[in-house]
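Only this structure's heavy atoms are used, side chains among them; waters, hydrogens and symmetry mates stay out. These numbers come from a predicted model, not from an experiment.
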Amino acid sequence: MKTSSFSVLFSALALAGAAIVPASAMAGATGNAATAAVAPADQFLAGLAQYCGQAFAGRIIANQPQSSAPDPFDGKTLVMHVRGCDSPQQELRVPFHVGDDHSRTWVISRTDTGLRLKHDHRHADGSPDAVTMYGGDTAQAGSAARQEFPADAASVAMFSAHGMTASLRNTWAMELVPGQRFVYELARPDGRLFQVEFDLSTPVQLPPAPWGSEA
């Protein structure tokens, strides 16, 4: 018996491990089996979400140019904590603890076109800092391993209002190699580069809740 083109397609999907759909759902198919690719934004979020509830120690791997002023990160224990995982496909909250300073939380959320990064800065009493919720949206698709966030218009306006002219051209980035490392990065065209690398191979004791959040 002659094998139909539909039978060939059905067998190929089965061998490839694809989900088999009813024949009625295949009506109108042209013979080209297309599977929707998972967007890099979703791959990145999923890669980070696998660490929900865990914390990891970090170290500064780049901080240039060197400043003569005291660095607030020098000699401090650096810890990231993946939490805020109620809807991990839509948003993750990652507090960044610097010693006893629990003021910083990275908020990574899904948008229609990619990802958004915001920096939630709080005081010890939970009230928002004057400069908070700054960040930006991805301008490119990026990859499962790296996402970049140029400063958005609202952040530029906030920085301008507070005289933070050096920050007007900020681009933040995050890199993820599951089981190995997570990197937070701040870069500017003037040569400013700040990177903290966290060791994902060894979870550490959970830090306190970030300021402004429930335990």
Side-chain angles (χ1 to χ4, degrees), residues 38 40-63 70-111 114-129 131-138 142-149 170-187 193-215:
V38 178
D42 295 315
Q43 294 176 338
F44 187 88
L45 269 183
L48 184 56
Q50 66 182 299
Y51 297 105
C52 279
Q54 298 184 66
F56 303 94
R59 64 188 182 95
I60 296 173
I61 58 173
N63 192 7
D71 193 306
F73 297 93
D74 278 351
K76 302 292 179 62
T77 300
L78 308 178
V79 175
M80 65 174 277
H81 180 194
V82 185
R83 49 180 287 159
C85 300
D86 292 340
S87 299
Q89 299 89 352
Q90 294 300 317
E91 182 179 285
L92 293 172
R93 300 182 69 88
V94 184
F96 173 35
H97 302 269
V98 180
D100 295 327
D101 184 341
H102 311 296
S103 63
R104 302 170 176 86
T105 297
W106 302 320
V107 184
I108 308 152
S109 55
R110 186 68 162 95
T111 67
L115 293 177
R116 174 173 297 149
L117 170 66
K118 290 292 183 177
H119 297 73
D120 186 352
H121 281 204
R122 304 292 183 110
H123 296 291
D125 64 1
S127 61
D129 191 86
V131 180
T132 187
M133 297 309 290
Y134 57 84
D137 292 3
T138 52
S143 69
R146 182 177 172 88
Q147 295 286 325
E148 297 183 353
F149 310 87
N170 279 4
T171 294
W172 299 272
M174 290 180 164
E175 294 185 357
L176 173 66
V177 181
Q180 297 184 36
R181 67 181 182 274
F182 177 88
V183 176
Y184 168 85
E185 173 184 298
L186 164 64
L193 180 64
F194 176 78
Q195 293 176 317
V196 186
E197 180 184 70
F198 298 87
D199 180 5
L200 297 181
S201 67
T202 308
V204 299
Q205 183 177 352
L206 297 183
W211 294 340
S213 295
E214 298 179 358

Item to check | CA sep, side-chain torsions, deciding dist, call: Tyr134, His121, ring pair (Phe, Tyr, Trp, His ring centres under 6.0 Å) | outcome: CA-CA 9 Å; Tyr134 57 84; His121 281 204; 5.4 Å; yes
Checklist outcome for this item: Between Ala41 and Gln147, the two heavy atoms sitting closest are N-NE2, 4.1 Å
Item to check | Nearest-0.5 Å distance, CG of residue Leu78 to OH of residue Tyr184 | outcome: 12.5 Å
Item to check | Shortest non-hydrogen separation from Val79 to Phe198 and the atoms involved | outcome: C-CE2, 3.9 Å
Checklist outcome for this item: Minimal heavy-atom distance between Ala173 and Arg146, with the atoms involved, is CB-NH2, 3.5 Å
Item to check | Phe182 side, atom CZ; Met174 side, atom CE - distance, nearest 0.5 Å | outcome: 4.0 Å
Item to check | Side-chain donor/acceptor of Thr171 to backbone N/O of Ala187, under 3.5 Å | outcome: no
Item to check | Asp120 bridged to Arg93 by N-O distance under 4.0 Å | outcome: yes
Checklist entry - Given side chains that start at C-beta, do those of Ser213 and Arg83 come closer than 4.5 Å, heavy atoms only? => result yes
Checklist entry - Does the side chain of Asp199 come within less than 4.5 Å of Val204's, by heavy atoms? => result no
Item to check | Intermediate values then yes/no, side chain to side chain contact (heavy atoms under 4.5 Å, CB included), Gln89 and Leu45 | outcome: CA-CA 7 Å; Gln89 299 89 352; Leu45 269 183; 5.7 Å; no
Checklist outcome for this item: Closest non-hydrogen contact found for Gly135 with His119 is CA-ND1, 4.3 Å
Next on the checklist: Nearest 0.5 angstrom please: Asp129 CG to Arg122 CZ, how far?
Outcome noted: 10.5 Å
Item to check | Residue pair Ser103, Val98: steps toward the side chain to side chain contact (heavy atoms under 4.5 Å, CB included) verdict | outcome: CA-CA 9 Å; Ser103 63; Val98 180; over 6 Å; no
Checklist entry - Under 6.0 Å between ring centres, would you say that holds for Tyr51 and Phe56? => result yes
Next on the checklist: Can you confirm whether or not the ring centre of Phe73 sits under 6.0 Å from the ring centre of Phe194?
Outcome noted: yes
Checklist entry - Take atom CG in Asp125; do more than 12 heavy atoms of anything else shown fall under 6.0 Å from it? => result yes
Checklist entry - Which value, rounded to the nearest 0.5 Å, describes the distance between Arg104 atom CZ and Thr132 atom OG1? => result 11.5 Å
Checklist entry - To the nearest 0.5 Å, how far apart are OG1 in Thr105 and NE2 in His97? => result 7.0 Å
Checklist outcome for this item: For Met80 and Val82 the tightest heavy-atom approach is CE-CG2, 3.8 Å
Checklist entry - Given Val107 and Glu91, is the side chain to side chain contact (heavy atoms under 4.5 Å, CB included) satisfied, shown in steps? => result CA-CA 7 Å; Val107 184; Glu91 182 179 285; 3.8 Å; yes
Next on the checklist: Give me the atom names and distance for the closest heavy-atom approach of Cys52 to Leu92.
Outcome noted: SG-CD2, 3.9 Å
Item to check | Between CG on residue Leu186 and CD on residue Gln195, distance to nearest 0.5 Å | outcome: 10.0 Å
Next on the checklist: The test is side chain to side chain contact (heavy atoms under 4.5 Å, CB included); show your working for Phe149 and Thr138 and say whether it passes.
Outcome noted: CA-CA 5 Å; Phe149 310 87; Thr138 52; 3.6 Å; yes
